[in-house]
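One structure is given here, and the rest of the page talks about it.
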Number of protein chains: 2
Amino acid sequence: MRDPVRLLVLGTGQMGAGIVRLVGRRRGLALVGVFGRRTERAGLDVGTTIGLDAPLGLPIRSDLERLCDEVRPDVAIQTTCSRASDAEPELTALLERGVDAITIAEEMAWPAAQSPEVAARLDALARARGATLLGTGVNPGFVLDLLILVLTAVCADVTSITATRTNDLSPYGPTVLAAQGVGLSPDAFRRGVEAGSVIGHFGFRESIAMIAATLGWEIERVEETREPIVARVRRKTPFVTVEPGRVAGCEHTAVARVAGRTAISLVHPQQVHPELEGVATGDRIEIDGTPPVRLSGSPEIPGGLATVALAVNAIPRVLAAPPGLVSMADLPPPAAVLGDARQARDPLRRPDHG
Amino acid sequence: MRDPVRLLVLGTGQMGAGIVRLVGRRRGLALVGVFGRRTERAGLDVGTTIGLDAPLGLPIRSDLERLCDEVRPDVAIQTTCSRASDAEPELTALLERGVDAITIAEEMAWPAAQSPEVAARLDALARARGATLLGTGVNPGFVLDLLILVLTAVCADVTSITATRTNDLSPYGPTVLAAQGVGLSPDAFRRGVEAGSVIGHFGFRESIAMIAATLGWEIERVEETREPIVARVRRKTPFVTVEPGRVAGCEHTAVARVAGRTAISLVHPQQVHPELEGVATGDRIEIDGTPPVRLSGSPEIPGGLATVALAVNAIPRVLAAPPGLVSMADLPPPAAVLGDARQARDPLRRPDHG
């Protein structure tokens, strides 16, 4: 039996912690290092810091390059940021050492959409060093792009795509809530949208670019709108209390036009406690084409759990992939890897049927 | 611009005809030949035979090897049969000539499940000649296997999978209806199941094997049951009239056990006019795991249209794939290819983001 796959995790927040927990339950994976940006956490035990029952005997490190050189990981998962430009230095350090990398930075799901120069640099570096770089995550990376694409496979033609993801922000902390304008007055929300402090969803540009490039559509224009979801009843979470008349969340919509028509409409209302006003959470994909396809589920695929799983499940596929920057639309179809990660089928190189 | 992709179609039935029609609407694909097994059709014009408005100027041929040598296709789609053993001679003729092949023969979706020797021979031949061979179709190949696998990608663990596909057989002809026992008495249905004349769905073994191999599960046992769906009202199609008390269809179920528990349950009730008794058609996937995933759509993804689209949409991915026998779980995620087939992204070899 080969040695376990040596994994390095970047980030000790909710996503990094979730990945460390999951890796501990998966056969064939060995956590060999954890990097944290905050130097004040350096030296603390990973297990204690993320709330495991026992220490892991592994200190959080804030010196990424040296850590890499010491522990020599096969693959790393980056959970430290959202923007490609912010992700680039850490990814560069990994790729320069030939380490395959998986990042959940939203912009990295399709970095050419908003950061083509970063994408080109990372792709060239990955190829030069024989490493693979994948961006993934629940959204962008799965619900509003990859899953839609897979459903179009049954279509002879597609005229338009509408997908809605309605989720519940109640479990999230102050940073996420502020980015959605939760707790603001409707006026302050609108000013925040203009000023760029109310962001809404991060990932529509990436999802639309992935869909369009894969289907073969040329996008003419993308228009985004961010509307406040105004509470009619009191909505309370551990981090915020939204009184009636204040903003409970952001309905963020992106519409892409192709050949003069509306081709892709992505709708993502995010709010705290939608159920208090009778709003069910869920994912819904509607493809108008031949044949039309409708698929929906409620509640929504939970974002945090799903992102952790997608990143860890991607490990065998990234290890098997050819070098370069790849997307979820490039690798073999994602799936849970429940057996030994070392024995996972390596479909590209060895179609071992049976 | 490169020359169009040269396509050969095997079979002039409903699926072959659907593929010929769709290829005519896709840029970058050129239909260069059509093979039919029935020698009495040889020489007839393809367009006239399949009901196009005008002749295609292409005769149906029944001499496959010579046709191949004359028209030198890049890729072929086989629609002539269901069994791997029946598919093998034609696939062998194609692969020997280095022609990439896509087959909708149900058993070829995962031929190792029931015909491991055929699978091994075809895989070896494909590798030797540098050709790729893919089995696809709506089911097996998509709804009850690939789509399930893709949804498990968001799961940290999976305890069990239940998927139900309820469809309407009303559009189908006598061969399909007889295989489902439509029109029989319940007693005759049960005798037909024992005698092997009432078959039910063809593809559960393939779907279960694809799911298990990809997730990393070892299947201990698969049990199938075929129960008559007895009409309570008269159900009439152009090909059959089912009186109350007679069989309107077959509810075919396959249950696979892993590590002592029921891990995969696939349920496929097929019948004529289910709506006459208030039964809605649809596809439903339920994954018990962390997190649980539920997705459903009604009506069902229509089988005939979807199989045609899946086969044609697979062309660019098969052309770009490494040699050998591959499955839908091996190639990059399937998707509609709406632009020029020659310009379709070639994800494995050239991640051209943007």
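To find a chain, count down the sequence lines: A is the first, B the second, and so on, and within it residues start at 1.
For B/Pro291, the parts lying under 4.5 angstrom from a heavy atom of chain A are both the backbone and the side chain. Proximity to chain B involves both the backbone and the side chain of A/Leu151, based on heavy atoms less than 4.5 angstrom apart. Both the backbone and the side chain of B/Val158 come within contact range of chain A, each with at least one heavy atom under 4.5 Å from a heavy atom of that chain. With a 4.5 Å cut-off on non-hydrogen atoms, A/Arg21 does not touch chain B at all. For chain A, the nearby part of B/Leu22 is the side chain; its heavy atoms alone come within less than 4.5 Å. With a 4.5 Å cut-off on non-hydrogen atoms, B/Leu147 touches chain A through its side chain but not through its backbone.
Among B/Gly216, B/Ala306, B/Ala212, B/Ser298, the residue making the largest number of heavy-atom pairs under 4.5 Å with chain A is B/Ala306. Note on A/Gly339, A/Pro334, A/Gly297: by heavy-atom pairs under 4.5 Å with chain B, the leading option is A/Pro334. Most heavy-atom pairs under 4.5 Å with chain A: of the set B/Pro299, B/Pro302, B/Ser296, B/Cys155, this distinction falls to B/Ser296. Note on A/Val293, A/Ile148, A/Val143, A/Leu295: by heavy-atom pairs under 4.5 Å with chain B, the leading option is A/Leu295. Across B/Leu310, B/Leu149, B/Leu215, the residue that shares the most heavy-atom pairs under 4.5 angstrom with chain A is B/Leu215.
Summarising the geometry of A/Ala153 relative to B/Ala335, their closest heavy-atom pair is CB-N, 3.6 Å, with the distance given to 0.1 Å. For the pair B/Pro332 and A/Ala329, the tightest heavy-atom approach, listed with the atom from each and the gap, is CB-O, 3.9 Å.
Shown here is A/Gln14, whose CD atom has no more than 12 heavy atoms of other residues, nucleotides or ligands within 6.0 Å. More than 12 heavy atoms of other residues, nucleotides or ligands lie within 6.0 Å of CD in B/Glu286, so this atom counts as buried by the packing criterion. Around CD of B/Glu117, the count of heavy atoms belonging to other residues, nucleotides or ligands within 6.0 Å does not exceed 12.
Between B/Leu305 and A/Thr290, the closest side-chain pair of non-hydrogen atoms falls below 4.5 Å. Residues A/Pro333 and B/Val150 meet the side-chain proximity criterion, which asks for heavy atoms closer than 4.5 Å.
Not one N or O on the side chain of A/Arg25 forms a donor-acceptor pair closer than 3.5 Å with the backbone of B/Asp157.
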